[in-house]
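Inspection log for the structure reproduced underneath, given as structure tokens.
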Amino acid sequence: MAIESIKVRVSTPTEHLLLGRGFYQVDDGTLFVQIGPFQHSRHFFSYLESESVRIDIDREGRPIFIEVGLPRQRWQLLPGFQMPPAVEAADLRFTDFRKTIGQPTLLASPNRSSLLIRFDRSSRSRCYHLADSVIAQVSDDGELMAIWVMDIVDDFAGQQLAAFRKSQLTALPV
């Protein structure tokens, strides 16, 4: 049975804004979204998943990776697609683990370079950076309403994703 809402805790940011990017695997029709560096201190601990979306979470409740297993030709086009006007910095932690979630609605920009993964609608919500190109929309009650992925890159055989991960490793302080 799927949980009705995804709970998150929002607090003051303690780290710099992470780099993150969506990589659409053209060869198999899957979107991979890397959030922050791929390193030992941020390794997979748990997940939240629906039929076509999976969010991987580290031990601290931070999202580290998102997978959308529905080809972009099946994402619903949203003609007036606009990014949220105000996005704040925050430290977001998911409080739900190892749960099945309801199937979100996938809404794409007309050129499919941005994706809105909508879990629920709320008239009162705020937007927070998960990474530079990934935004979480959270209701005033601490429920995840949506995830926005911008600047999606076409990728073949994971080459762009691997290069992104490698560039993150070399950019980390020693």
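- Under a hydrophobic-cluster definition in which Ile, Leu, Val, Met, Phe, Trp and Tyr are linked whenever side-chain heavy atoms come within less than 4.5 Å, directly or via other members, L115 and I101 are assigned to the same cluster.
- By the 4.5 Å side-chain criterion applied to Ile, Leu, Val, Met, Phe, Trp and Tyr, L77 is assigned to no cluster and stands alone.
- The side-chain hydrogen bond (donor to acceptor under 3.5 Å, both in side chains) test applied to S109 returns N111, not counting sequence neighbours.
- Taking CD1 of I135 as the start and NE2 of H129 as the end, the distance is 5.5 Å to the nearest 0.5 Å.
- Nearest heavy atoms, F97 versus G61: CZ-CA, 3.8 Å.
- Here the closest non-hydrogen pair linking V149 and G22 is CG1-CA, 4.0 Å.
- Put simply, CG on L70 and CD on Q76 are 11.0 Å apart, with the number rounded to the nearest 0.5 Å.
- A donor-acceptor pair is defined here as one N or O able to donate and one able to accept, closer than 3.5 Å; such a pair exists between the side chain of Q25 and the backbone of G158.
- Among all heavy-atom pairs drawn from P71 and G69, the shortest one is CD-O, 4.0 Å.
- Distance alone, capped at 3.5 Å, places no donor-acceptor pair between the R21 side chain and the S133 backbone.
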Does the pair Q103 and S50 meet the rule for a side chain to side chain donor-acceptor pair (under 3.5 Å), with working shown?
-> CA-CA 5 Å; Q103 182 60 30; S50 71; 3.1 Å; yes

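- Taking the salt bridge (Lys or Arg N to Asp or Glu O under 4.0 Å) definition, one finds that E4 meets it with nothing, sequence neighbours left out.
- L161 and D155 make their closest contact through N-OD2, 3.0 Å (heavy atoms, listed as atom of the first residue, atom of the second, distance).
- M150 and L17 fall into different hydrophobic clusters, where Ile, Leu, Val, Met, Phe, Trp and Tyr residues are linked whenever their side-chain heavy atoms come under 4.5 Å apart, directly or through other members.
- Partners of E88 by salt bridge (Lys or Arg N to Asp or Glu O under 4.0 Å), not counting sequence neighbours, listed by chain and number: R126.
- Hydrophobic clustering of Ile, Leu, Val, Met, Phe, Trp and Tyr side chains at less than 4.5 Å, counting indirect connections, keeps M145 apart from F119.
- Linking ILVMFWY side-chain heavy atoms closer than 4.5 Å, directly or via other members, places L116 and V8 in two distinct hydrophobic clusters.
- The OG atom of S125 sits 11.5 Å away from the CD atom of E143 when rounded to the nearest 0.5 Å.
- Under the side-chain hydrogen bond (donor to acceptor under 3.5 Å, both in side chains) criterion, R118 pairs with no residue at all, not counting sequence neighbours.
- A donor-acceptor pair under 3.5 Å links the side-chain atoms of Y24 to the main chain of R72, judged by distance alone.
- Scanning both residues, P110 and F81, for their nearest heavy atoms gives CD-CB, 4.2 Å.
- Remark: side-chain polar atoms of D27 are paired, donor with acceptor, to backbone N or O of A157 under 3.5 angstrom.
- Judged by distance alone, with hydrogens and angles left aside, the side-chain atoms of Q34 form a donor-acceptor pair with the main-chain N or O of G36 at under 3.5 Å.
- Under the 4.5 Å side-chain heavy-atom criterion for Ile, Leu, Val, Met, Phe, Trp and Tyr, I117 and Y47 are members of distinct hydrophobic clusters.
- Residue V87 comes nearest to Y128 through the heavy atom pair CG1-C, 3.8 Å, listed as atom of the first residue, atom of the second, then distance.
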Stepwise side chain to side chain contact (heavy atoms under 4.5 Å, CB included) test for H43 and D58 = CA-CA 6 Å; H43 68 278; D58 72 6; over 6 Å; no

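- To the nearest 0.5 Å, the span separating OG on S167 from CG on L19 amounts to 7.5 Å.
- With R124 contributing its side chain and D140 its backbone, the two residues share no donor-acceptor pair below 3.5 Å.
- For the atom pair CH2 (W148) and SG (C127), the distance works out to 6.5 Å, reported to the nearest 0.5 Å.
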Output, in order, the C-alpha distance, side-chain angles, deciding distance and verdict of side chain to side chain contact (heavy atoms under 4.5 Å, CB included) for L106 and V53.
-> CA-CA 10 Å; L106 303 176; V53 175; 4.2 Å; yes

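- Each of F164, F65, F23 was scored for a ring pair (Phe, Tyr, Trp, His ring centres under 6.0 Å) with F32, with one residue passing: F65.
- The distance from the CG atom of L48 to the CD1 atom of I6 is 5.5 Å, given to the nearest 0.5 Å.
- Here the side chain of D56 pairs no donor or acceptor atom with the backbone of I64 at under 3.5 angstrom.
- Legend: residues meeting salt bridge (Lys or Arg N to Asp or Glu O under 4.0 Å) with D141, ordered by chain and number and at least two apart, are absent.
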